[in-house]
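One-based numbering, in listed order, for ligands and for the atoms of each. Quantities reported herein were computed from a predicted structural model and do not represent experimental measurements. What you see below is based on every heavy atom in this structure, not just the backbone, and it leaves out hydrogens, waters and symmetry mates.
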Amino acid sequence: MKILVTGGTGYIGSHTVVELQNQGYEVIIADNLSNSHENVLDHIAEISGKRPEFEKLDFSDPQHTNNFFDKNLDIKGIIHFAAFKAVGESVKNPLMYYHNNLVSLMNILNNMSKHGIENIVFSSSCTVYGQPEKLPVSEDSPIQKAWSPYGNTKQISEDIIYDTLNADQRLKGIALRYFNPIGAHESAKIGELPLGVPNNLVPFITQTAIGIRDQLKVFGDDYNTPDGTAIRDYIHVVDLAKAHVIAVDRMISGKGKKAFEVFNLGTGNGYSVMEVIKSFEKVSGEKLNYKIVDRRPGDVEQVWADTTFANNELGWKAEKGLDEMMASAWKWEKALKEKESGL
Ligand code: UFG
């Protein structure tokens, strides 16, 4: 059975493709390669033994998108990752974010209706909760006004999917609200490849430790948390990827309870920035150069997931702990360095 993975050469997409292939799905990736490399296809093939089909495609281009779906009539479900994802960039270029993230989704949904492709899994984010009043945060917590255009595209996308499914009763969808995905495949053949200076904590840590960056800045130690640094729910990208396969299975086998379902994907544990640093130092044996600076504007103080719904309904639970996540991120960073130096 063939699944289209948009953004399948990206960080979460590539890990999900491997897990889909492991479960016997055939995969076609479509990606515009704006933030990833075509050689990821080779690395996926090295892991799974199977090279996915690939089309270079920008889903915000309606003509190209329509042509793609017209000639790929055997797609049974879609996992839609292809989107811009940098919070700061979205504040500077809101229209670029609204255009890319929303138009792409609408072009895809249009083709689902046109071709009777019934199933879509959408990558959403815990950013839709803002700073929740109650922790851990469950799926029925109120959605807060988005803190960035990026976050707003996730909220609006969920609404667009909900309304489209409502209008075309053949269609089903699952939105997966990710907490903080980190780590890499155990083979160290695929992982996160940030363009330029990373915004996210873990790639910044590993790049600092390997010597690409001088120093990690810890954004704020005056939060109302036990050690004063901000708390997040970090989840291993492979655990996250596996949940996508279960979501696809659920829709295809008709086990879903509603046309549109929403699940939190986290571990249910919150860790502070300092705890992440300590874990990294422990598993890598490296001393990290860091300093405490002011808070980063727009950061929430603390958020972690109530995963009861995903655990019970999907029969899924994140398995990997923080040390394992940090060890895999470090292994990936070291593998990248070896590759670059031609070892
Ligand atoms: N942090 C640092 N130094 C850095 C980078 C991050 O101290 O150099 C801290 C942040 O202040 C935050 C924590 O590490 O407390 C995690 O930061 P990330 O940037 O890794 O992740 P965020 O939680 O800010 O962002 C994630 C996703 C976004 C999403 C957002 C919603 O990456 O896509 O959650 O809160 F929008």
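- A distance-only check finds no donor-acceptor pair linking the side chain of S124 to the backbone of R177 [under 3.5 Å].
- Looking at T6, its side chain does come within 3.5 Å of a backbone N or O of A82 through a donor-acceptor pair.
- In terms of protein heavy-atom proximity, atom 30 (C) of ligand 1 is closest to T127 CB, 4.3 Å.
- The single protein non-hydrogen atom nearest to atom 20 (O) of ligand 1 is L201 N, 2.8 Å, given as residue, atom name and distance.
- Here H64 and F68 keep their ring centres 6.0 angstrom or further from each other.
- Taking a cut-off of under 4.0 Å to the non-hydrogen atoms of A230, the atoms of ligand 1 that pass are 15 (O).
- Proximity to K217 (heavy-atom distance under 4.0 Å) selects the following atoms of ligand 1: 2 (C), 3 (N), 4 (C), 7 (O), 8 (O).
- Within ligand 1, the atoms closer than 4.0 Å to a non-hydrogen atom of V87 are 36 (F), numbered from 1 in the order shown.
- Remark: minimum distance from atom 4 (C) of ligand 1 to any protein heavy atom is reached at F219 CE1, 3.3 Å.
- At the top of the distance list for atom 10 (C) of ligand 1, counting protein heavy atoms only, stands D299 OD2, 3.4 Å.
- Closest protein heavy atom to atom 5 (C) of ligand 1: N199 O, 3.4 Å.
- At the shortest separation from atom 9 (C) of ligand 1 among protein heavy atoms lies V273 CG2, 3.8 Å.
- Enclosure of atom CG in N224 is not indicated, since only 12 or fewer non-hydrogen atoms of other residues, nucleotides or ligands lie within 6.0 angstrom.
- Between R296 and ligand 1, at least one N/O pair is under 3.5 Å apart.
- With a heavy-atom cut-off of 4.0 Å, T229 does not touch ligand 1 at all.
- Heavy-atom proximity to Y150, at under 4.0 Å, picks out these atoms of ligand 1: 29 (C), 33 (O), 36 (F).
- Using a 4.0 angstrom heavy-atom cutoff, V300 does not count as in contact with ligand 1.
- Atoms of ligand 1 found under 4.0 Å from any heavy atom of V218 (numbered from 1 in listed order, with element): 7 (O).
- With Y97 contributing its side chain and A86 its backbone, the two residues share a donor-acceptor pair below 3.5 Å.
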- Task: Check the pair N311 / T307 against side-chain hydrogen bond (donor to acceptor under 3.5 Å, both in side chains), numbers first and verdict last.
- Result: CA-CA 6 Å; N311 299 157; T307 61; 3.0 Å; yes
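- A donor-acceptor pair under 3.5 Å is absent between the side-chain atoms of N152 and the main chain of S148, judged by distance alone.
- Here M274 contributes atom CE and E281 contributes atom CD; the two are 7.0 Å apart, rounded to the nearest 0.5 Å.
- Contact annotation: for N200 versus ligand 1, heavy atoms closer than 4.0 Å belong to both the backbone and the side chain.
- Y98 and N93 share no donor-acceptor pair across their side chains, judged by distance under 3.5 Å alone.
- The shortest N/O to N/O separation between C126 and ligand 1 does not fall below 3.5 Å.
- Within the listing of ligand 1, atoms 21 (O), 22 (P), 23 (O), 26 (C) sit less than 4.0 angstrom from a heavy atom of N180.
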- Item | Working for side-chain hydrogen bond (donor to acceptor under 3.5 Å, both in side chains), residues N66 and N111 | CA-CA 7 Å; N66 295 344; N111 277 283; 2.9 Å; yes
- Report the C-alpha distance between E313 and R250 in whole Å, list the side-chain angles of each, state the deciding distance to 0.1 Å, and finish with yes or no for salt bridge (charged side-chain N to carboxylate O under 4.0 Å, His left out). CA-CA 10 Å; E313 277 298 315; R250 180 179 175 88; 2.8 Å; yes
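- Atom 23 (O) of ligand 1 has its closest protein heavy atom at R232 NE, 2.6 Å.
- Among protein heavy atoms, the minimum distance from atom 13 (C) of ligand 1 is reached at Y234 OH, 3.5 Å.
- Two residues are said to be in side-chain contact when any heavy atoms from C-beta on lie closer than 4.5 Å; S125 and Y178 fail this criterion.
- Judged by the shortest distance from any of its heavy atoms, Y271 lies outside the 4.0 Å radius around the atoms of ligand 1.
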